[in-house]
Structure formats: C-alpha cells, structure tokens
Amino acid sequence: MAMKVLVTGGAGYIGSHTVLQLLLGGFEAVVIDNLDNSSEVAVKRVVELAGEFGGNLSFHKIDLRDKEALERVFASTKFDAVIHFAGLKAVGESVMKPLLYYDNNLVGTINLLEVMGSNGCKNLVFSSSATVYGWPKEVPCTEESPLRALNPYGRTKLFIEEICHDISVSDSSWNIILLRYFNPVGAHPSGFIGEDPRGIPNNLMPYIQQIAVGRRPSLTVFGNDYSTKDGTGVRDYIHVVDLADGHIAALKKLFDGSKIGCDVYNLGTGKGTSVLEMVEAFEKASGKKIPLVFAGRRPGDAGIVYASTEKADKELNWKAKYGIDEMCRDQWNWASSNPWGYESPDSPK
Ligand code: UD1
C-alpha cells in the first residue's frame, strides 16, 4: 500500500514541487495550506503534472492554528509521515510583526506536533533554513556550525529545531529530520509551477524574474563592498526540484528502520554564486537585460553563505544535480509563461 504523507504548506513554492515528486515517487499526499501566501491553482497544476498519480493528492484549506480542523484530518487518514513547510517567511515583516510570526510559526507547529503525537504519527521532516547560521564566521556551513538567529523569522526556525530535539529526547519513538535549505530558486522544468510571492518580492530571483517580465524597472543590488569576488553577496542557490528530491531522500531515511531521533541536514549545492553572477546567468537564459542600481548593504545580510553538503550526500544519498544555468532556464520558463504567477494581472496582489 502507498505510504501516506501529510504536507503542510503544500500549495507553496517548495511545498508544491515536493508534493509533485512525492506523487511521482508513488506516495499519497494530503496537502493542508491556509493559502496565505500560496494558491490553490498550484495544487491543481501539480495534479495535472502528476498524470496517472494525480488522484493520490487531496487538499484541505486549513490553518495549523485551527487544531480541531487538524484533528479532523488526522481522524480521517492514518499518516506514515508529515512534511512540515507551512509558515511565514518574510524577514522584514517578522521584525515589524514578531507576534504574528511566533503565533503562526510556533503555535502552528506545536499544534501539529501535539496532534501527530496523539495520533501515533511520529515521523517528521521539517523545513528549516540556512538562516539559522546567521552571519557565518566560516564557510562552508556544516551542520555543526554555530547557530544564531538574527530576526524573529530566524528565531522561529531555531525554536522549532529545538522543540523537535526536545520531543525526540522526551519520547524516543519520534523520528525527525530537520532540513536546512540554502537559497531555493528555479521552477519545475515544465514551467507549470513556480514561485509566486504576494506583493514585492524580498528575495533575489523572484525580483529579477519580475523585472524580466516588465513588472518592475530595476534590481537594487544590496552592497558591492563585501569581500567577495565582485563585492556582491554570495549565496548557495539550489534548484527547487533538487530541493524537493532532498525531501524524498529524507523520507526514505525515516522509513529505512534506522533510529534517528532528531537529525539535521543541509540542503544546498556547496557552491557560492554572487548577485552579479546570478544576474548574468539569468540574462543569458532569458535574453533580457536586468538594469541594476547599486545601493548599500541590506541590514542583517551576510556576505558569504554556502553549504557543506557532505552529510546529506553520505547519509541521505542525495546530491543536487542542477547548476545555475538550469536554475535560470527554468525560472525564466516559468516566468515567461506565467508573468503574473498563478493569478491574472487584474487580481489583487
Ligand atoms: C533571505 C533572508 C533569509 C531567508 C532566505 C529565504 C534576509 C535578510 N534574509 O536570505 O533569512 O532564509 O531569504 O530564501 O532577508 N539581493 C539584492 N537585491 C534584492 C534582493 C537580494 O542584491 O533585491 C541580494 C542579497 O543582498 C543577497 C542575495 O541577493 O546577497 C540573495 O538574497 P535573498 O534572495 O534575499 O536571500 P538571502 O539574503 O540569502
């Protein structure tokens, strides 16, 4: 019988790509999402892309803070595991509205863990972030590097990691894998699903993509005085399909019978790319010029962040396959066929 996986936040950017890989891998997926920063259209497109496996997906519009609704989902299905993506993720907004972030991300997760525990489902993959490394003193970041959250959003990721450790100590039947994502970009090669943030994008690639389709005039480059090859910030960009596959590798590890407790893996490529290199790769892939405006550093930004990927390679048998050219190709393919994301230009954004 197919393994059943509950995916919170499965309508979002990383969630939708992961749900597709789950279906194609023979899993059944139940998606819950409050559609706060995502669209049900993404879920419908995943069903189409999954072809004969599309019938193995069901969707419920639920907010994790609604514990009774969560209880109902668990009462109707016995899950083998949960992949937990749901959460707010805008750094600037988290500084302005910390309680919203603590309520949404922490209360939502505590509800989920309680309902999982009381229903005997104790296999979890949690969506953490390289943000927990703060300003790394040394790169590459290994899973043992010092941790430091720089804002409420980052603190919610760090707190949830700690909560997961604590419950695995209190009850050894929990098996939890924390995945620290570096910078997810790109889209499914079909161009049918991709990233569609509400409002002004905070992150580099969605911003560049909106310039290329004519929605914004120019890119503000935050800082060109870092000690990097061209002075601009260096990050470890990872293709979202590679990232999605990393979740399947983590699930396989959960199901292989080994005693995990709570373990953590970086998901990145191990390669650093500067802002200007990324812009150049995108210009090449799209044939569009991205006008640049140089400005000061963005508060809170680190100069260089990239991952050590050895642990995931060795223990999850997972490695990123795609480079920045494929990331930009697929980002452009998605952007050019869906310039307004999942909505029409007339919908409120
Ligand atoms: C940001 C968040 C981080 C979060 C991650 C999620 C901040 C301070 N950090 O990380 O907590 O986990 O997204 O994906 O928001 N850049 C520009 N111009 C832009 C946008 C970005 O020059 O308009 C530069 C940044 O300075 C950085 C690089 O592009 O050097 C990547 O930025 P971004 O995509 O926002 O990712 P992070 O800063 O790594």
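In each ligand, atom 1 is the first atom listed, and ligand 1 is the first ligand listed.
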Could you list which atoms of ligand 1 come closer than 4.0 Å to a heavy atom of [X]?
{"X": "S129", "result": "12 (O)"}
{"X": "D301", "result": "8 (C), 25 (C), 26 (O), 38 (O)"}
{"X": "V221", "result": "22 (O)"}
{"X": "T220", "result": "17 (C), 18 (N), 19 (C), 22 (O), 23 (O)"}

Is the side chain of [X] donor-acceptor paired with the backbone N or O of [Y] at a distance under 3.5 Å, no angle test?
{"X": "W334", "Y": "E195", "answer": "yes"}
{"X": "N105", "Y": "K157", "answer": "no"}
{"X": "N34", "Y": "L64", "answer": "no"}
{"X": "Y237", "Y": "G323", "answer": "no"}
{"X": "H188", "Y": "H17", "answer": "no"}
{"X": "D242", "Y": "Y322", "answer": "yes"}

[X] N/O under 3.5 Å from ligand 1 N/O:
{"X": "N203", "answer": "yes"}
{"X": "V275", "answer": "no"}
{"X": "F222", "answer": "yes"}
{"X": "N151", "answer": "no"}

Could you verify whether a donor N or O on one side chain and an acceptor N or O on the other, from Y101 and E93, lie under 3.5 Å apart?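 A pair is found: one side chain offers a donor N or O, the other an acceptor, under 3.5 Å apart.
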Pick one of side chain, backbone, both or neither for how N202 approaches ligand 1, counting any non-hydrogen atom pair under 4.0 Å.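 Contact part for N202 vs ligand 1: backbone (N, CA, C, O).
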Regarding atom 21 (C) of ligand 1: of the candidates D236, I211, L204, which has the closest heavy atom?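 Among D236, I211, L204, the closest heavy atom to atom 21 (C) of ligand 1 comes from L204.
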